[in-house]
Number of protein chains: 2
Amino acid sequence: MVDVARLAGVSLKTVSRVVNGEPHVQRAMADRVLAAVAELGFQRNHMASALRAGRASATIGLIIEELANPFYSTIAHVTAAMARDRDTLLLSASSEEDPVREEQLLRDLCSRRVDGLLVVPAGCDHSFLNAQVDMGIPVVFLDRPGTNIEADAVLLDNRGGARNGVRRLVADGHRRIGVLLDSVDVHTMRERLAGAQDALADAGIGYDGALVRGGVRDPATAAAAVADMLTQPNPPTAFLALNNRITVGAVQELWQRGSDAALVGFDDFELSHLMPRPLTVIGYDTRELARRAAQLLFARIDGDRSRPRTVVLPTELVERGLTAGSTRRGPAASGVRR
Amino acid sequence: MVDVARLAGVSLKTVSRVVNGEPHVQRAMADRVLAAVAELGFQRNHMASALRAGRASATIGLIIEELANPFYSTIAHVTAAMARDRDTLLLSASSEEDPVREEQLLRDLCSRRVDGLLVVPAGCDHSFLNAQVDMGIPVVFLDRPGTNIEADAVLLDNRGGARNGVRRLVADGHRRIGVLLDSVDVHTMRERLAGAQDALADAGIGYDGALVRGGVRDPATAAAAVADMLTQPNPPTAFLALNNRITVGAVQELWQRGSDAALVGFDDFELSHLMPRPLTVIGYDTRELARRAAQLLFARIDGDRSRPRTVVLPTELVERGLTAGSTRRGPAASGVRR
DNA sequence: CGACAGACGGACAACGTTGTCATAATCTCT
DNA sequence: AGAGATTATGACAACGTTGTCCGTCTGTCG
């Protein structure tokens with residue numbers, strides 16, 4: 001900026017005024033400044049500007065589990081788009097489900113003075129964020145609530161969704177329902193499992209530990225778990241897969257074996273209607289989840305000091321048949337999805 | 001930091017030393033400072049720090065078309081992970097294929113003094129980036145080359161891939177091959193179309209404009225295009241879909257109609273092996289694409305001043321049959337994919 | 001012609017850090 | 001014990017901006 005001022009033969013402040021479009025600069029002078037800017041390829045330093053003005057950085061931080069997962073990338077996309085409407089950029093990072101890494105990333109984001117944080121929490125203690133919130137960096141949790149912190153959260157009705165899924169299986173006559181989940185350390189998994197057990201209890205079906213399989217982290221282990229459970233004595237006649245990675249593995253394994261076990265999966269996914277065997281799914285609106293969270297965050301950034309809110313979004317049972325026999329195989333009613 | 005110094009009864013500089021882990025501070029004094037830091041909840045301001053030290057912002061910028069698309073989110077994921085190993089965060093934004101928006105975003109990123117830029121270009125002129133490169137912000141293009149700028153690029157062998165795909169169809173006896181593409185304004189589409197035409201020319205099959213359908217932007221229009229082409233006189237017996245969105249639409253339409261037209265799609269996608277009809281795919285390693293680009297960028301950031309390079313990564317024909325009759329339907333040989 | 005707005009330009013400090021240098025305190029060695 | 005080396009600490013300026021305030025110039029009106 002000093003160089004520009006020298007080249008244009010004006011003072012530093014005048015360059016600042018021109019660059020920021022402030023009034024009270026003569027046309028001729030402004031033109032000279034702009035010419036110098038162009039010649040030197042000057043570009044205002046956003047960091048210095050924000051620093052001096054005490055302004056925020058026009059950046060929001062997003063912590064998710066893994067950017068490559070469609071669920072999270074949809075969230076990133078929606079929030080980035082909404083941020084852009086406010087001339088704000090998105091600084092995103094994956095926690096990889098590691099609480100330590102999550103805390104490091106969050107601290108890093110705070111030290112960069114982001115305007116706000118959107119977090120899909122992996123950690124089990126977010127009390128360290130309280131100080132940040134007090135210092136004016138609002139936090140909104142997404143998909144799972146934060147722990148030891150009072151902050152906004154936008155969640156899904158995981159429990160109700162799982163309950164409806166199992167209710168559907170029970171209505172179809174199933175009594176032995178295998179449940180596949182990742183880890184009960186994850187809030188969503190606990191809720192979904194509880195929902196499944198609600199439905200079983202409602203139907204008067206007792207709990208059988210052999211029918212619940214945890215530690216299913218990816219499609220491959222899901223497939224293995226399905227295979228294993230089917231070869232036990234008194235195998236399940238139906239499965240509930242508690243996330244989309246698990247569902248994919250289960251679909252594949254059941255299809256390969258030609259098994260007619262019923263399947264309901266939590267989370268819809270893009271090509272679920274083209275799977276080679278029927279698949280009823282507990283779906284929800286991921287974009288709405290992200291939208292609501294971003295709205296909440298921006299309201300906080302804009303000064304909303306009301307009490308923290310928790311929003312719970314509904315799920316929907318997308319019925320596409322349960323087993324090869326339960327519906328005629330055919331194109332999905334909904335046609336091509338965007 | 002001034003407050004911390006006052007509370008600890010030491011000078012500003014000593015606090016700075018402690019906070020940055022510099023040597024030459026007595027243990028007792030360091031402890032006093034750390035106590036004050038904890039009490040006040042002090043957190044170093046990353047922007048001010050970078051500003052003073054003339055250091056970069058420990059941030060890289062990524063411009064892609066749309067974060068929600070699995071191809072791009074994989075790129076984002078890989079680059080974010082690699083950046084993290086260097087204590088660098090990723091500032092990502094979607095251009096939505098809009099050149100104006102792309103330029104705005106790039107300028108914004110530059111004004112934030114990112115350490116480097118990773119760009120999947122949508123625009124048709126990137127000459128304005130030359131100044132930035134000269135000023136020390138390296139740029140690496142991904143998937144498509146930049147225009148009017150000499151910069152590193154990591155590309156796919158689009159032409160060769162499409163040629164192999166069509167060659168395979170020709171070998172299977174097809175003479176009328178419908179080609180579905182988005183827009184020839186996009187570099188990758190032009191290359192893929194050229195590859196297809198190469199193969200046709202090699203086989204002595206003349207060009208028929210009726211068999212090339214552009215403007216196919218999403219699965220729905222792809223399905224419509226397939227439907228339309230199949231109802232024309234002398235319809236194609238095979239299709240080449242030039243990206244994954246188009247492939248999905250084509251799969252669905254062909255399956256719904258029970259058509260036995262062959263299909264080859266460019267871009268593999270996660271559940272392609274579970275599609276309800278055979279689908280041979282031109283695949284490649286998206287993660288490698290991102291990895292190479294990030295490596296190149298980091299090398300530049302670390303001072304590599306060698307001549308810009310263009311890396312072209314190979315594609316691979318993943319054969320899973322072409323039509324319902326051409327292979328026995330069954331589980332993919334590869335088993336469950338990660 | 002003088003006075004007074006009003007429009008404009010510039011000097012300076014400050015934002016929150018860190019690099020440089022100076023100084024004070026302690027140690028080492030003959 | 002004293003010279004020199006080493007260590008610990010602090011004062012100050014600077015990074016690239018912008019807000020504040022003051023000074024100057026132009027024009028207008030009585």
Side-chain angles (χ1 to χ4, degrees), chain A residues 1-34 36-37 40-59 107-115 132 135-137, chain B residues 1-34 36-37 40-59 87 107-115 131-132 135-137:
Chain A
M1 211 145 143
V2 175
D3 296 339
V4 172
R6 192 160 28 221
L7 180 61
V10 300
S11 86
L12 191 56
K13 179 64 201 186
T14 300
V15 178
S16 170
R17 275 200 260 263
V18 172
V19 167
N20 292 302
E22 288 175 37
H24 305 310
V25 179
Q26 274 190 352
R27 190 54 180 274
M29 188 134 308
D31 288 345
R32 250 169 50 218
V33 171
L34 289 175
V37 164
L40 296 178
F42 167 82
Q43 191 140 28
R44 179 157 141 266
N45 184 325
H46 184 272
M47 293 189 305
S49 168
L51 176 62
R52 164 62 234 233
R55 248 182 299 131
S57 57
T59 308
R107 284 187 190 280
D108 193 349
L109 288 171
C110 289
S111 91
R112 286 160 195 258
R113 300 292 188 270
V114 293
D115 300 355
Q132 308 302 332
M135 291 175 62
I137 301 188
Chain B
M1 211 146 143
V2 174
D3 297 338
V4 172
R6 193 160 27 220
L7 179 61
V10 299
S11 86
L12 190 58
K13 179 65 203 186
T14 300
V15 177
S16 170
R17 273 198 261 264
V18 172
V19 167
N20 292 303
E22 287 175 36
H24 305 311
V25 179
Q26 274 192 349
R27 190 55 180 273
M29 188 136 307
D31 288 345
R32 257 177 33 226
V33 171
L34 289 176
V37 164
L40 296 178
F42 168 81
Q43 190 141 30
R44 180 158 139 267
N45 184 325
H46 183 271
M47 292 189 307
S49 169
L51 175 61
R52 165 61 235 235
R55 246 182 302 134
S57 57
T59 308
D87 284 318
R107 285 188 189 279
D108 193 349
L109 288 171
C110 289
S111 91
R112 286 161 196 257
R113 299 295 187 268
V114 293
D115 300 356
Q132 309 301 331
M135 291 176 63
I137 301 187

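Residue numbers start from 1 in every chain, and the chains themselves are labelled A, B, ... in the order their sequence lines are given, proteins ahead of strands.
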### Message
At less than 3.5 Å, do the side-chain atoms of B/Arg17 and the base atoms of D/dG10 form a donor-acceptor pair?
### Response
yes

### Message
For C/dT17, does the base pair up with any side-chain atom of B/Arg52 as donor and acceptor (N or O, under 3.5 Å, distance only)?
### Response
no

Distance check: side-chain N/O of [X] vs OP1/OP2 of [N], anything under 4.0 Å?
| X | N | value |
| --- | --- | --- |
| B/Arg44 | C/dT18 | yes |
| B/Thr14 | D/dG10 | yes |
| B/Ser11 | D/dT9 | no |
| A/Ser49 | D/dT17 | no |
| A/Asn45 | D/dC15 | no |

### Task
Select from A/Val15 and B/Ala48 the residue whose nearest nucleotide in DNA chain D is closer to the 5' end of that strand.
B/Ala48

Grab the [atom1]-[atom2] distance between [X] and [N] for me, whole Å please.
| X | N | atom1 | atom2 | answer |
| --- | --- | --- | --- | --- |
| A/Leu51 | D/dC15 | CG | P | 14 Å |
| B/Leu40 | C/dG16 | CG | C1' | 15 Å |
| B/Met47 | C/dT18 | CE | C1' | 16 Å |
| B/His24 | C/dC27 | NE2 | P | 16 Å |
| A/Arg27 | C/dG9 | CZ | P | 13 Å |
| B/Asn20 | C/dT17 | CG | P | 10 Å |
| B/Met1 | D/dA14 | CE | C1' | 15 Å |
| A/Lys13 | C/dA14 | NZ | P | 16 Å |

### Task
Go through C/dA7, D/dT17, D/dT18 for me and flag the one nearest to the A/Phe42 side chain.
D/dT17

### Query
Among the nucleotides C/dT18, D/dT17, D/dT9, which one has an atom lying closest to any side-chain atom of B/Ala53?
C/dT18

Select base, sugar-phosphate, or nothing to describe what [X] touches, counting heavy atoms under 4.0 Å on all strands.
| X | value |
| --- | --- |
| A/Val25 | sugar-phosphate |
| A/Val10 | sugar-phosphate |
| B/Met29 | sugar-phosphate |
| A/Val2 | nothing |

### Query
Got B/Asn45 and A/Leu51 here, is their nearest side-chain heavy-atom distance under 4.5 Å?
yes

### Query
Is any side-chain heavy atom of A/Lys13 closer than 4.5 Å to a side-chain heavy atom of A/Met1?
no

Between the main-chain N or O of [Y] and the side-chain N or O of [X], is there a donor-acceptor pair closer than 3.5 Å?
| X | Y | answer |
| --- | --- | --- |
| A/Gln43 | B/Arg107 | yes |
| B/Arg17 | B/Glu22 | no |
| B/Ser57 | B/Arg113 | yes |

### Query
Taking atom types as modelled and ignoring hydrogens, do the side chains of B/Thr59 and B/Arg112 form a donor-acceptor contact shorter than 3.5 angstrom?
no

### Query
How do A/Leu12 and A/Gln26 order along DNA chain C: which one's closest nucleotide is nearer the 5' end?
A/Gln26

